[in-house]
Protein chains: 2
Amino acid sequence: MYAPMARVATTSDVFNAIAEPQRRDILALLRAGERPVTELAEALGMTQPGASKHLRVLREVGLVRDRKAGKQRLYGLDARKLRAVHEWTGGFEAFWNDSFDRLDAYVQDLKAANGKKEE
Amino acid sequence: MYAPMARVATTSDVFNAIAEPQRRDILALLRAGERPVTELAEALGMTQPGASKHLRVLREVGLVRDRKAGKQRLYGLDARKLRAVHEWTGGFEAFWNDSFDRLDAYVQDLKAANGKKEE
DNA sequence: TTGACACATTCCGATATCGGCATATGTATG
DNA sequence: CATACATATGCCGATATCGGAATGTGTCAA
């Protein structure tokens, strides 16, 4: 009937998939090539079911692909969808590079007043 | 003293902040310049408290800054942290252009070598 | 077939998240 | 001061999420 219409499922999109640090780690590791689940799990210090679950999310959004190889299942990177994120953030490039409006003034202000901020 | 150690707070990082579509919309809108909360809310079809809450998240991760202007509070973009995301995804650039070629090569390699002596 | 291995799925508990609503805080203006 | 306006915060309900543990499924090999 009414129902507070709570949260919307978000695990099905790339932005959310890479919001999880461990999943980013998996993707980064896969740049070196295909890897079986157990190897990923061990390399990243996570349990096998944990790795499987993260891989499932990554697979469902299309960031990785899997391939059977005997007993194992090799996961490989499919970075095409990361391009969308790269381009989205790229749309803000003008705002972190060069001065714009009062942002620049504000930033200068911060630097002057705060010194170093670390990054 | 047990506690399944459930989920880790993630709202305090940039990747998670931009995982929410409405927050991305806010950031995109703010490229046009500073805006008061109400205007953002109306422009994006969200309630005022809703906008305030999203803005709070964005502020806490440093993606927006706020400035008092009379009765209003103007929110402005601070895209510096988006650069980190841009660069992280940029680390995969070589893989979204020819990821399949690379993968194929890797696969051939595996088949030829059989074992897992990679690198 | 049996057993070992690789991986996926399910159930669970704790907590995070989001939207809606009501309300509190803050600020200008009369 | 009082009131209107702008924004923030608190509470709630529904649901999503994550990790752990146990268990299920699939595949090779003897």
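Computed from heavy atoms alone, side chains included, the values below leave out hydrogens, waters and symmetry copies.
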Whether A:R56 contacts C:dT9 is assessed here as follows: a side-chain N or O lying under 4.0 Å from the phosphate OP1 or OP2. Is that the case? yes
Using the side-chain heavy atoms of A:Q72, tell me which of these nucleotides is nearest: D:dT7, C:dC7, D:dG19. C:dC7
Strictly by modelled atom types, are B:Y75 and B:R59 linked by a side-chain donor-acceptor pair under 3.5 Å? yes
Could you go through B:H54 and B:M46, starting from their C-alpha distance and side-chain angles, then the distance that decides it, and tell me whether this counts as side chain to side chain contact (heavy atoms under 4.5 Å, CB included)? CA-CA 10 Å; B:H54 282 310; B:M46 40 201 280; 3.4 Å; yes
Between the CG atom in A:D13 and the CD1 atom in A:I18, the distance rounded to the nearest 0.5 Å is 9.0 Å
Just to be sure I understand the geometry, which residues of residues 36-49 of chain B put a non-hydrogen atom under 4.0 Å away from DNA chain C? B:T47, B:P49
Under the salt bridge (charged side-chain N to carboxylate O under 4.0 Å, His left out) test, residues paired with A:E42 that sit two or more places apart: none
Output the single nucleotide from D:dT9, C:dT9, C:dC18 whose closest atom is nearest the side chain of B:R23. C:dC18
What's the CD1-P distance between A:I18 and D:dC18, to the nearest Å? 13 Å
Rounded to the nearest angstrom, tell me the gap between atom CG in B:D13 and atom P in C:dA16. 15 Å
Could you walk me through whether A:R24 and A:E20 pass the salt bridge (charged side-chain N to carboxylate O under 4.0 Å, His left out) test, one step at a time? CA-CA 6 Å; A:R24 289 201 296 278; A:E20 168 66 44; over 6 Å; no
Closer than 3.5 angstrom, by distance alone: can the side chain of B:R23 be matched with the main-chain N or O of B:A17 as a donor-acceptor pair? yes
When you compare the side chain of B:L77 with that of B:L63, does any pair of heavy atoms fall below 4.5 Å? no
Nucleotide D:dC18, atom P - distance to CD1 of A:I26 in whole Å: 11 Å
Let me have a per-nucleotide readout for nucleotides 24-30 of chain D, 5' to 3', with B, S or -, counting only protein heavy atoms under 4.0 Å. ---BS--
Give the nucleotide from the list C:dA8, C:dG19, D:dG19 with an atom nearest to the side chain of A:R73. C:dA8
Output the rounded distance in Å from CD (B:E60) to P (C:dA16). 14 Å
Just the rounded figure in Å: distance from P of D:dG19 to CD of A:Q22. 5 Å
Please state how far atom NZ in A:K53 lies from atom C1' in D:dA21, giving the value in whole angstrom units. 9 Å
Closer than 4.0 Å, any side-chain N/O of B:Y75 to the OP1 or OP2 of D:dA6? no
Spacing of B:N16 atom CG relative to D:dC18 atom P, expressed in whole Å: 9 Å
Round to a whole Å and report the spacing from CG of B:L74 to P of C:dT27. 14 Å
Counting only N and O atoms by type, is there a donor-acceptor contact under 3.5 Å from the side chain of B:H86 to the main-chain atoms of A:H86? yes
Sidechain-backbone polar pair: B:R31 side chain, A:G91 backbone, donor-acceptor under 3.5 Å: yes
